[in-house]
There are 2 protein chains.
Amino acid sequence: MAKRPGSRRRTIKDVAAEANVAISTASLALNGKGYVSQDTRKRVLEAAKRLDYVPQPAARQLVTQETGNVGFVLRADHFTRSEPFYTRVFLGAEFEAEQHDRYVLLATIPEQYVPGEHSPRFLRQRNVDGILVAGKVAPAFLAEVEASGLPVVLIDFEKDHLPNVVVDNQAGARSAVDHLLGLGHQRISFVGADMEHPAVASRLDGYRLALSAAGLPSDPSLILAKSGGNPDRETGKQLGERLLALEPRPTAVFCVNDATALGVLDTAKKHDVSVPRSLSIIGFDDVTGAQTSIPSLTTVRVYKEQLGELALRYLAELMGGAEQHSDRYQRGFHDIKLPTELVVRNSTARREGDHE
Amino acid sequence: MAKRPGSRRRTIKDVAAEANVAISTASLALNGKGYVSQDTRKRVLEAAKRLDYVPQPAARQLVTQETGNVGFVLRADHFTRSEPFYTRVFLGAEFEAEQHDRYVLLATIPEQYVPGEHSPRFLRQRNVDGILVAGKVAPAFLAEVEASGLPVVLIDFEKDHLPNVVVDNQAGARSAVDHLLGLGHQRISFVGADMEHPAVASRLDGYRLALSAAGLPSDPSLILAKSGGNPDRETGKQLGERLLALEPRPTAVFCVNDATALGVLDTAKKHDVSVPRSLSIIGFDDVTGAQTSIPSLTTVRVYKEQLGELALRYLAELMGGAEQHSDRYQRGFHDIKLPTELVVRNSTARREGDHE
DNA sequence: CTGAAAGCGCTTACAG
DNA sequence: CTGAAAGCGCTTACAG
C-alpha cells in the first residue's frame, strides 16, 4: 500500500512481463480495446492488480493528445459569496468527472474580465479538453473561450447559441407565484435585480404568466427592480423599503432569489411588519440560509449538484463525440432544463382576512 | 490567437527550427538552464514568442516524473458551509500555485472517512506531487496521506509532527478578551464546541491567559462548551440559551468563531437582550456575515487567502527542496503561525454602568 | 489473436 | 557553448 522510498512505480512493462505478454497486448487488455482472448485479458488484469499498477496519465496524454482535464470557470465573487450555490454545482461536476476519469481544474475570473490579463492558465496552456462556465461572466471571456475552439457548456447562464444547462426558471417562478395565489394573495410584488440576466428575466416571465393565467392584471408599480447590480441581500433590503412604502401595500412578494428574499425579510423585521402574517415572502434557490432564517423561507429549490453533473455529462459528450460523429452527421446543440421544486416553509401564509 | 482547426499545436521542434538551433539547445534556452549564449537564448525566446509556443505539460511530466499538480483536500461539509472560509483559503492556494506554475486539484472527503472508499482519486493515481489538507479531517485520511510518502502541509489544523500553517489562535483569542476587559467587563463567558480541535483549544487557552493576566479568576461555570459537535450557528443558539440563564448573567462573551457568535446573537434577540448594551459579543474569523449582522459583529480577523498562500509556498519548498537538500543537511519541519487582527464593530460596548 | 516498432513532445546526460 | 541521441510510459497502426 505505502510507497516505500525506492519502490519504483510500476509501469505497463512490469505488467506485461508479469503476465507474459507483449506491452501492446497488455495495453489492449487493460483498455478493453481490440481483440484479446478472454484468457489473456484475465491474466493481464490479474497481473495489474497484483502489482498495484496505476497507469501514468502523462504518458497516455502525450500520445492521445488529450489532457484528461476539464476547466470549471466562475466569477470569484460568485465562488466566495456567503451562500455556496456554485460551490455545490462544482461539487456535482467534480463527482461526475470522477466517473469519467477526468480531473476538474477550477479557475476564477473577476467580474470585470480583461482577456489577456485574467485568462485562466489552463486556457493559455491548453491544459483542458473542455470548459464549463458557471453563472454569468463577462462577454469578453466567452468570446475568448469560443475562439479557443474548445467545447464549452454554460451552467445557469445563456449566451447566443452556446450549449447550456439551466434551471427551468420560468416554471419555477410560476410555481412560486401560483403558491401565493393559492393562499389568496392578489397584490403580489416582484423583487429583483440584474434584469438582463437570462435567469432573472425568465423568473420575471414566470411571475407575469402566473398572474395573467389567474386573470390578474400585471401592475408595473409592483415590479421592484434594480436594473444594474446583483440580486444580493443588500439589494433585497433596499427594495424591501420600497416595497413597504407601496400604497396599498402588497400582501406577498416573490423575490428573484433567496438572498434578496432574506434582505426583504430583514427590512420587514426592521419595520415590525410581521412575516408571514402581514407579508408573505417567497424566494428562489433554496440556499442553506433559507432553512435557518426566522421565519424559515418558502422557496423554489434548485438541484445544484445536478446542474454540475448534467453539465459535465453534456461536456463529455461534446468532447468524446467530436471525432466520432462530426463526419457522420451534424449534431445540434441542445439546451438542458432542470425542473425545480416548491418548498413550503414558514414565510408564506394565507392572506389575512381571506377565507377559502 | 484563435486556434483554427488544422493549425497544429507548436512544438519545441518548431521553435528549434525557427531559431536555427537543435532541439536540446531550444529546451535549455527556454528553461534558462545550462550554458547558452546570450545571443542564442534571445533568438530562441523570440522564435517561441513568434510561434506562440506553449510547452505541453504532459511531455515534460513524462520525463521529469512530476505531475505539476498539488492536491487540496477538505471536508465536503467545510467546503459547502454557508460562510466561505476554506473557499478563500483555497483561492489563496490557487493564486500562489499559479506563481509556481502548478495546478491545484480539489478533492472533498466526507467527515466519516473510509480509506479505500473515499480516497481522493489523485492519491490513488498519484497524480499530485504534494498535498494540502485544510481544516480538521479524519485521522484515517491523514494516515493514508502519510503512508503515501507525499509531502503534505496541514492548514488550520495540527496533527502529530506534520508541517502546518495555522492562525495564531491563542494570541487572537487573547486580543479579543483583552478588548472586552478594556471595556470594563469582568464576567466574560466562553462559548465553543469541538474542544479537542487544536484551534479551539488554543482559543480557550488565550481566553484563560487574558483573564489570568488581568488578575481575574477563571470561573469554570462561565465556560460553555459542547464537547462534541461543530461550532456552528445552531450550537451558538443552544449555548446562548445556557449563557442567558447564568446567574448573574455575564456582561460579555467570547465565542470561538463567528458562526457561534451569530447563534448567540440570535438567541439574545429572541430573548430581547440588547446587544451590545446588555451583552457584548465577540467572535473569531471575520466571515462575511460578521459585517452584515445587526448589530455588526466585533471579531478577530483571520487572513484566509494568506493561509492558503503560505501553505502552498511551504509545500512547494518541501516538494522542490527534497532532492536538493536531503543529502546535504537535515531539514526540520517548521510551523507557520499567522497573526490575526482585532476588528471592532458594533456588538461590543463598554459595560453598562462602568465608568473609566 | 499477439508481438515488434514507431512515435507522442519533451529533458538530460554525453560528446564534441 | 551546441548538437545528436536516448529515453520517460504509454497507444496505435502494422505485420504476422
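A, B, ... follow the sequence lines: proteins, then strands. Residue 1 opens every chain. Values below: every heavy atom of this structure, side chains too, minus hydrogens, waters and symmetry copies.
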OP1 or OP2 of [N] versus the side-chain N and O atoms of [X]: is any pair under 4.0 Å?
{"X": "Ser27(A)", "N": "dT11(D)", "answer": "yes"}
{"X": "Thr25(A)", "N": "dC1(C)", "answer": "no"}
{"X": "Thr40(A)", "N": "dT2(C)", "answer": "yes"}
{"X": "Lys33(B)", "N": "dT11(C)", "answer": "no"}
{"X": "Tyr35(A)", "N": "dG3(C)", "answer": "no"}

As a test of reading the structure: which of [options] is closest to the side chain of [X], going by heavy atoms?
{"X": "Thr11(B)", "options": "dG9(D), dC10(C), dT11(C)", "answer": "dC10(C)"}
{"X": "Gln56(A)", "options": "dC1(C), dC10(D), dC10(C)", "answer": "dC10(D)"}
{"X": "Ile12(A)", "options": "dT11(C), dG3(C), dT11(D)", "answer": "dT11(D)"}

To the nearest Å, give me how far apart [atom1] ([X]) and [atom2] ([N]) are.
{"X": "Ile23(A)", "N": "dG7(D)", "atom1": "CD1", "atom2": "C1'", "value": "13 Å"}
{"X": "Glu66(B)", "N": "dC8(D)", "atom1": "CD", "atom2": "P", "value": "17 Å"}
{"X": "Gln125(A)", "N": "dG9(C)", "atom1": "CD", "atom2": "C1'", "value": "15 Å"}
{"X": "Arg10(A)", "N": "dC8(D)", "atom1": "CZ", "atom2": "C1'", "value": "17 Å"}
{"X": "Gln61(A)", "N": "dG9(D)", "atom1": "CD", "atom2": "P", "value": "15 Å"}
{"X": "Leu62(A)", "N": "dT11(C)", "atom1": "CG", "atom2": "P", "value": "12 Å"}
{"X": "Asn20(B)", "N": "dG3(D)", "atom1": "CG", "atom2": "C1'", "value": "13 Å"}
{"X": "Asn127(A)", "N": "dG9(C)", "atom1": "CG", "atom2": "C1'", "value": "14 Å"}

Considering only NZ, NE, NH1 and NH2 on the basic side and carboxylate oxygens on the acidic side, decide whether [X] and [Y] come within less than 4.0 Å.
{"X": "Arg121(A)", "Y": "Asp101(B)", "answer": "yes"}
{"X": "Lys159(B)", "Y": "Glu146(B)", "answer": "no"}
{"X": "Lys13(B)", "Y": "Glu18(B)", "answer": "no"}
{"X": "Arg313(A)", "Y": "Glu309(A)", "answer": "yes"}
{"X": "Asp156(A)", "Y": "Lys136(A)", "answer": "no"}

May I ask you to verify whether the side chain of Ser24(B) and the base of dA5(D) hold a donor-acceptor pair under 3.5 Å?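 Between dA5(D) and Ser24(B), which were checked side chain against base, a qualifying N/O pair under 3.5 Å is absent.
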
Where each residue is assigned the nucleotide of DNA chain D containing its nearest heavy atom, which of Leu28(B) and Ala59(B) is assigned the position nearer the 5′ end? Leu28(B)

Pair partner, dA15(C) [Watson-Crick or wobble, under 3.5 Å]: dT2(D)

